[in-house]
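I have placed the structure first, in the form of structure tokens, so that the comments after it can refer back to it.
Computed from a predicted structure; not experimentally measured. Note on naming: letters A, B, ... go to the chains in the order of the sequence lines (proteins, then strands), and numbering restarts at 1 for each one.
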4 protein chains.
Amino acid sequence: MVRTETRAAYREAILDAATRVFGRLGFQDAKMADIAAEAGVAAGTVYNYFKNKEEVFRSILQRTHELVYQRILVHQRLEDPIERMRASTREAFDFLEEHGALFLLYVSIGGGFDWAQKRIEQALIDENHARYFALSQATLRDAVERGQLRSDLSIERLAVLLSGLTDATIFSWVRTGCPPASARKPTP
Amino acid sequence: MVRTETRAAYREAILDAATRVFGRLGFQDAKMADIAAEAGVAAGTVYNYFKNKEEVFRSILQRTHELVYQRILVHQRLEDPIERMRASTREAFDFLEEHGALFLLYVSIGGGFDWAQKRIEQALIDENHARYFALSQATLRDAVERGQLRSDLSIERLAVLLSGLTDATIFSWVRTGCPPASARKPTP
Amino acid sequence: MVRTETRAAYREAILDAATRVFGRLGFQDAKMADIAAEAGVAAGTVYNYFKNKEEVFRSILQRTHELVYQRILVHQRLEDPIERMRASTREAFDFLEEHGALFLLYVSIGGGFDWAQKRIEQALIDENHARYFALSQATLRDAVERGQLRSDLSIERLAVLLSGLTDATIFSWVRTGCPPASARKPTP
Amino acid sequence: MVRTETRAAYREAILDAATRVFGRLGFQDAKMADIAAEAGVAAGTVYNYFKNKEEVFRSILQRTHELVYQRILVHQRLEDPIERMRASTREAFDFLEEHGALFLLYVSIGGGFDWAQKRIEQALIDENHARYFALSQATLRDAVERGQLRSDLSIERLAVLLSGLTDATIFSWVRTGCPPASARKPTP
DNA sequence: CATGAATGAGGATTCATTCAT
DNA sequence: CATGAATGAATCCTCATTCAT
């Protein structure tokens, strides 16, 4: 058991380090040696936990998605769909503010910009995106059923719109540098 | 004179080739040899026209910006600001459809995701973005003066919004793969 | 500890190999691959020990200087300054016979002939030369004090003269190909 | 005839340019393009006059040797062998002062330091050196016959000695940077 | 397993030389 | 012949990955 815990600790430490390094330098410029150094382990050690650089990357992505998803999931217990939506969105933006670099990383891949990676990661991205999307659609459907939303709109299209707006905000944010002034404005 | 034309032709051919290759593989994975091969010249030849890989990239960006800007500029002659805006936006999306890969490239940099490049190109990007932005603001101001737009809104904020919406569309587009179904819908 | 020894051994092996290769081909024609091959290691390994080709070169120079200097230093214990001088000079020439190629290398730089290198190494060369020179002057001064040498001569000028003669011999030697017949003649 | 003159003029211009460039940068660092530019011709033109970089180099060497040899030859008309010797030596040093860089070049090859070149040029060097040497020996022999020199010394050895002293001076000169203070001192 | 050094494939870039105009 | 651009072989160096200790 201790062993298992130790292994897990190492793994987390490496992922943490990799997250920082990738966030700082991007995928290509981040060297395995950098990651190892940041994690305080030897270069070879990283390979005891991850097959290669790509898998380190993929693992970060997966871990992050899981984290955000879990956080958002919590808000699904809220009774009111509108509240649920609002809380989820805020959660996403809160995460953004906390983990800027990480999100950059996510976006850079999610956006499909880093081709080399895209080939490999797209499936992963899509799968996760689908999870969020399903959540979003469920909430919207709920709202329609409760009469809080017009029923003559395509749920899917609405979900796409919402997702698009979020992406747009992130995109602008990223483009302009970072702090999206209005992001934390109190919702009226 | 012939020489000058020939040189220009070579330069264009290389930029065209580079655009395709970068679009296909991204900056890092695109090899100078690939670009040369795609252009049908020897590897060394590329260096007769561009100092290095980075400059090839930068030149593509600059050339594209110029092209799009010129195209949009044409529509500025339109009397009606609203029409001007509409035409400009359509122009941008038309370009997108024609030059998908190229735009991906643009976005990948403009979004600031490819760190290594960002450091270098951001100034270029910003400068060009400012040009578009100025155009956009001028048009909006015009519209306000003509009473076609509410005058109690911040022109700058409006411009940011418009820019953001465009970016959002591109972003979603890029994310989902490519064809943004609604993009060419007849404007009502 | 073993590690440290192993590392040192590798380093020495590479320097030995580099010395041979540089001696055979000169700085420019010696390829890092040649050096690696001669040392029996992979090309990349050389870079684990030296930042680049230049540093390999510089290290050879430094190591050699140190070696010769230490050998000469031993003779400084001799009581009689004249004997000290004689022994030192012979040591230098002995070294020449043992390490012809190496000395060629040294001279080629010391003489300032390999421009590209000169820029970088001159300081190193000068510094070491100064050490020998100081030793030489000290010995001469000693000889003067003991009345073994005329006191009306400039010590510095004498040292320059001695140094010049040694250089001249080496120079002729190198020019003519190598074996300076008279070099090992028994000193009467 | 005009043609021939033109050709000769081009050839000389290129050699002059090459001399300057080689003197400035050394053989390896001097680019054919540099030489062409310095000569004010196109890169390809150089190849109309010389087979390759090496031949440019060889030609400089040959031309210089010829020049110095001819200058020294003039002094051979002097009656007194001692005067002849003195004049020749001074000629050599005068040349040195005028063409420092060129001489550096000569020495760098003559000394056999630039290996790549040495392989090729050594024969040329040796041949020319032999000419000087023959002149020197003839003069010495003459001096012996006239009773101006002890007859119990080996002429050859004397010639070697003289040559060595000259070389030594050049060597020290080159090593220390350049101006050999005493070189032009009035011979008492 | 951790370590950290060895490995070697891979790629940007340079530049002597060639050749069409 | 002069020109100057095209060529592509050649080489230094990086760094992901492997492996002996």
Side-chain angles (χ1 to χ4, degrees), chain A residues 3 6-7 10 14 28-37 39-56, chain B residues 2-4 6-7 9-11 14 28-37 39-56, chain C residues 2-4 6-7 9-11 14 28-37 39-56, chain D residues 3 6-7 10 14 28-37 39-56:
Chain A
R3 266 298 130 84
T6 306
R7 272 199 74 79
Y10 261 98
I14 292 170
Q28 293 276 5
D29 283 359
K31 310 302 167 203
M32 285 302 258
D34 297 337
I35 295 172
V41 302
T45 302
V46 177
Y47 286 87
N48 286 333
Y49 293 88
F50 304 93
K51 203 176 116 233
N52 52 29
K53 194 177 170 182
E54 234 155 63
E55 208 195 282
V56 175
Chain B
V2 171
R3 272 294 142 79
T4 307
T6 307
R7 275 196 74 80
Y10 261 98
R11 199 189 135 92
I14 292 170
Q28 293 275 5
D29 283 358
K31 308 304 165 199
M32 285 303 257
D34 297 336
I35 294 172
V41 300
T45 301
V46 179
Y47 289 88
N48 285 336
Y49 293 87
F50 305 94
K51 202 172 118 244
N52 52 29
K53 198 176 167 183
E54 228 155 69
E55 209 195 280
V56 175
Chain C
V2 171
R3 272 295 142 80
T4 307
T6 306
R7 275 196 74 79
Y10 260 97
R11 199 189 135 92
I14 292 170
Q28 293 274 6
D29 283 357
K31 307 305 165 201
M32 287 302 258
D34 298 335
I35 294 172
V41 301
T45 302
V46 178
Y47 290 89
N48 286 337
Y49 293 88
F50 304 94
K51 202 172 117 242
N52 53 29
K53 198 175 166 184
E54 228 155 70
E55 209 195 282
V56 176
Chain D
R3 268 297 133 82
T6 306
R7 272 199 74 79
Y10 260 99
I14 292 170
Q28 294 275 6
D29 284 357
K31 310 303 167 201
M32 286 301 258
D34 297 336
I35 294 172
V41 301
T45 302
V46 178
Y47 287 86
N48 286 332
Y49 293 88
F50 304 93
K51 203 173 118 237
N52 53 29
K53 194 177 170 184
E54 232 155 65
E55 208 196 281
V56 175

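D/Lys51 has its NZ atom 14 Å from the C1' atom of E/dT18, to the nearest Å. Atoms NZ (A/Lys53) and C1' (F/dT14) sit 11 Å apart, rounded to a whole Å. Regarding B/Arg11, its CZ atom lies at a distance of 17 Å from the C1' atom of F/dA6, rounded to whole Å. For D/Ile35 and E/dC15, the CD1 to P distance is 13 Å, given to the nearest whole Å. Distance, A/Glu54 CD to F/dC15 C1': 15 Å, rounded to whole Å. As a whole-Å value, the separation of B/Asn52 CG from F/dC12 P is 21 Å. As a whole-Å value, the separation of C/Phe50 CZ from E/dA5 C1' is 15 Å. In this entry the distance linking NZ of C/Lys31 with P of F/dC13 reads 11 Å, nearest Å.
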Secondary-structure string, 5' to 3', Watson-Crick or G-U under 3.5 Å, | for another-strand partners, for DNA chain E: .||||||||||||||||||||
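Residue contacts for D/Ala37: at a heavy-atom cut-off of 4.0 Å it reaches no nucleic acid atom on any strand shown. Residue C/Tyr49 is in sugar-phosphate contact alone, with no base atom involved, counting any heavy-atom pair closer than 4.0 Å across all strands shown.
For DNA chain F, the neighbouring residues in residues 39-48 of chain B, judged by any heavy atom under 4.0 Å, are B/Val41, B/Ala42, B/Gly44, B/Thr45, B/Asn48.
Closest heavy-atom contact between A/Asn48 and A/Arg7: O-NH2, 3.1 Å. D/Ala43 and D/Ala36 make their closest contact through CA-CB, 3.7 Å (heavy atoms, listed as atom of the first residue, atom of the second, distance).
Under the side chain to side chain contact (heavy atoms under 4.5 Å, CB included) criterion, C/Asn52 pairs with C/Glu54, C/Glu55, not counting sequence neighbours.
Put simply, OG1 on B/Thr6 and OH on B/Tyr10 are 8.0 Å apart, with the number rounded to the nearest 0.5 Å. Going from atom CE of C/Met32 over to atom CD1 of C/Ile14 covers 8.5 Å, rounded to the nearest 0.5 Å.
Between B/Met32 and C/Tyr10, the residue anchored nearer the 5' end of DNA chain E, judged by the nucleotide with its closest heavy atom, is C/Tyr10.
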